[in-house]
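A quick write-up on the structure given underneath.
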Amino acid sequence: RNIVILISGTGSNMRAIAAAAERDQWPERFGARVAAVISNRPEAKGLAWAREHGLETQVVDHRAYATREAFDEALARVIDGYEQPQEPALVVLAGFMRILTPGFVERYAGRLLNIHPSLLPAFPGLHTHQRVIAAGCRVAGATVHEVTAELDHGPILEQAAVPVLPCDTPEQLAARVLSQEHRIYPQAIAQWLRRHRAVAA
Ligand code: GRF
């Protein structure tokens with residue numbers, strides 16, 4: 001199974017996933033590998049790291065497309081270049097800051113995952129840590145979910161909770177949540193791969 005990871009920036013979740021794939025022997029155990037790291041931004045820092053670590057990278061610059069649909073169509077064409085016969089790619093959004101069209105989501109239904117930095121269904125959307133602190137929450141966290149047409153609302157695969165401390169700034173809370181993201185995303189993907197392992201030919 002080819003795994004394609006989509007990023008827009010640092011790519012710390014992508015790094016955690018790539019490291020887990022190697023450390024936990026995903027190729028041997030699930031016949032799965034990280035086939036490509038794709039970004040909508042040519043300057044995404046995660047691209048340099050991916051290249052240095054021998055991962056194939058692609059850029060589909062959203063600024064080059066007049067409409068959301070045209071961008072998604074170009075992105076899908078690149079992703080489908082990593083399909084294997086009988087085994088569609090697993091598409092992993094990791095810090096990917098684009099809203100995907102319903103047509104794109106439909107095309108990858110059931111094999112399109114995302115990680116969101118809140119305990120969904122609470123706090124969908126942006127600036128979650130700032131909003132959590134403003135709401136006076138005592139716990140925060142992250143959610144791995146399947147992507148559906150409704151933003152940040154698909155079936156939940158994994159969650160992790162962290163405490164919100166009285167003096168927390170959004171940055172401090174973000175760092176605490178991010179470290180849990182790096183633990184639960186690889187875990188959720190490994191479970192997905194185990195569940196969807198190709199039936200032995
Ligand atoms: C972080 O805010 C993370 O919580 C969310 O996307 C942002 C960047 O993540 N998932 P990454 O370092 O690019 O993986």
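- Atoms CD and CD, from Gln180 and Glu158 in turn, are 10.5 Å apart once rounded to the nearest 0.5 Å.
- Taking the side chain as every heavy atom from C-beta outward, His129 and Pro117 approach each other to under 4.5 Å.
- Checked for salt-bridge contact, Glu181 and Arg15 miss the test: no charged N lies under 4.0 Å from a carboxylate O.
- Considering Glu87, Glu146, Glu83 as possible partners of Arg111, the one that fulfils the salt bridge (Lys or Arg N to Asp or Glu O under 4.0 Å) test is Glu83.
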Decide side chain to side chain contact (heavy atoms under 4.5 Å, CB included) for Leu6 and Val37; before the verdict, give the C-alpha distance in whole Å, the side-chain angles of both, and the deciding distance to 0.1 Å. CA-CA 6 Å; Leu6 276 52; Val37 174; over 6 Å; no
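- A single hydrophobic cluster is not seen to contain both Leu47 and Phe71; linkage of ILVMFWY side chains at heavy-atom distances under 4.5 Å, directly or through other members, places them apart.
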Go through the steps for Asp152 and Thr143 under the test side chain to side chain contact (heavy atoms under 4.5 Å, CB included), then give the verdict. CA-CA 9 Å; Asp152 300 333; Thr143 303; over 6 Å; no
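- Residues Leu113 and Val147 form no side-chain contact, since every pair of their non-hydrogen atoms from C-beta on lies 4.5 Å or further apart.
- With a 4.5 Å cut-off on side-chain heavy atoms, Pro163 and Arg176 count as touching.
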Please table the atom pairs, donor to acceptor, closer than 3.5 Å between any side-chain atom in residues 56-66 and protein atoms at least two apart or in another chain.
| residue | atom | partner | partner atom | Å |
| --- | --- | --- | --- | --- |
| Glu56 | OE2 | Tyr82 | OH | 2.5 |
| Thr57 | OG1 | Arg51 | NE | 3.0 |
| Gln58 | NE2 | Tyr82 | OH | 2.8 |
| Asp61 | OD1 | Arg63 | N | 2.8 |
| Asp61 | OD1 | Arg63 | NE | 3.1 |
| Asp61 | OD2 | Arg63 | NE | 3.3 |
| Asp61 | OD2 | Arg63 | NH2 | 2.8 |
| His62 | ND1 | Asn40 | O | 3.3 |
| His62 | ND1 | Asn40 | ND2 | 3.0 |

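- The side-chain heavy atoms of Ile38 and Ile5, taken from C-beta on, include no pair separated by under 4.5 Å.
- Residues Cys137 and Phe123 have side chains in contact (heavy-atom distance under 4.5 Å, counting atoms from C-beta outward).
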For residues 18-35, run the donor-acceptor check on the side chains, cut-off 3.5 Å, and write out each pair with its distance to 0.1 Å, sequence neighbours left out.
| residue | atom | partner | partner atom | Å |
| --- | --- | --- | --- | --- |
| Arg29 | NH1 | Asp24 | O | 2.9 |
| Arg33 | NH1 | Asn2 | OD1 | 3.2 |

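- Dense packing is recorded around CZ of Arg195, with more than 12 heavy atoms of other residues, nucleotides or ligands lying under 6.0 Å away.
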side-chain hydrogen bond (donor to acceptor under 3.5 Å, both in side chains) between His116 and Ser118, worked out: CA-CA 6 Å; His116 179 76; Ser118 81; 3.2 Å; yes
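- To the nearest 0.5 angstrom, Ile133 atom CD1 is 12.5 Å from Arg131 atom CZ.
- Other residues, nucleotides and ligands contribute only 12 or fewer heavy atoms inside 6.0 Å of the CD atom of Gln86.
- Considering only heavy atoms from C-beta on, Ser12 comes within 4.5 Å of Leu178 through its side chain.
- Both Leu157 and Ile3 belong to a single network of hydrophobic side chains, linked directly or stepwise wherever heavy atoms of I, L, V, M, F, W or Y lie under 4.5 Å apart.
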Apply the test side chain to side chain contact (heavy atoms under 4.5 Å, CB included) to residues Val144 and Asn114: give CA-CA distance (whole Å), side-chain angles for both, the deciding distance (0.1 Å), then the verdict. CA-CA 6 Å; Val144 179; Asn114 183 45; over 6 Å; no
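- Nearest heavy atom pair, residue Val139 against residue Val132, reads O-CG1, 4.3 Å.
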Would you give me the side-chain donor-acceptor pairs under 3.5 Å for residues 91-107, sequence neighbours excluded?
| residue | atom | partner | partner atom | Å |
| --- | --- | --- | --- | --- |
| Thr101 | OG1 | Asp72 | OD2 | 2.7 |
| Thr101 | OG1 | Phe104 | N | 3.3 |
| Arg107 | NE | Asp80 | OD2 | 3.1 |
| Arg107 | NH2 | Asp80 | OD2 | 2.4 |

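- Listed for the Arg138 side chain is no donor-acceptor partner under 3.5 Å among the backbone atoms of Pro166.
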Would you sort out whether His182 and Asn13 count as a side chain to side chain contact (heavy atoms under 4.5 Å, CB included), showing the intermediate values? CA-CA 6 Å; His182 298 163; Asn13 275 287; 3.5 Å; yes
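- Across every non-hydrogen atom of Leu119 and Ala160, the tightest pair is CD2-O, 3.4 Å.
- No path of Ile, Leu, Val, Met, Phe, Trp and Tyr side chains, each step under 4.5 Å between heavy atoms, connects Leu90 with Tyr108, placing them in separate hydrophobic clusters.
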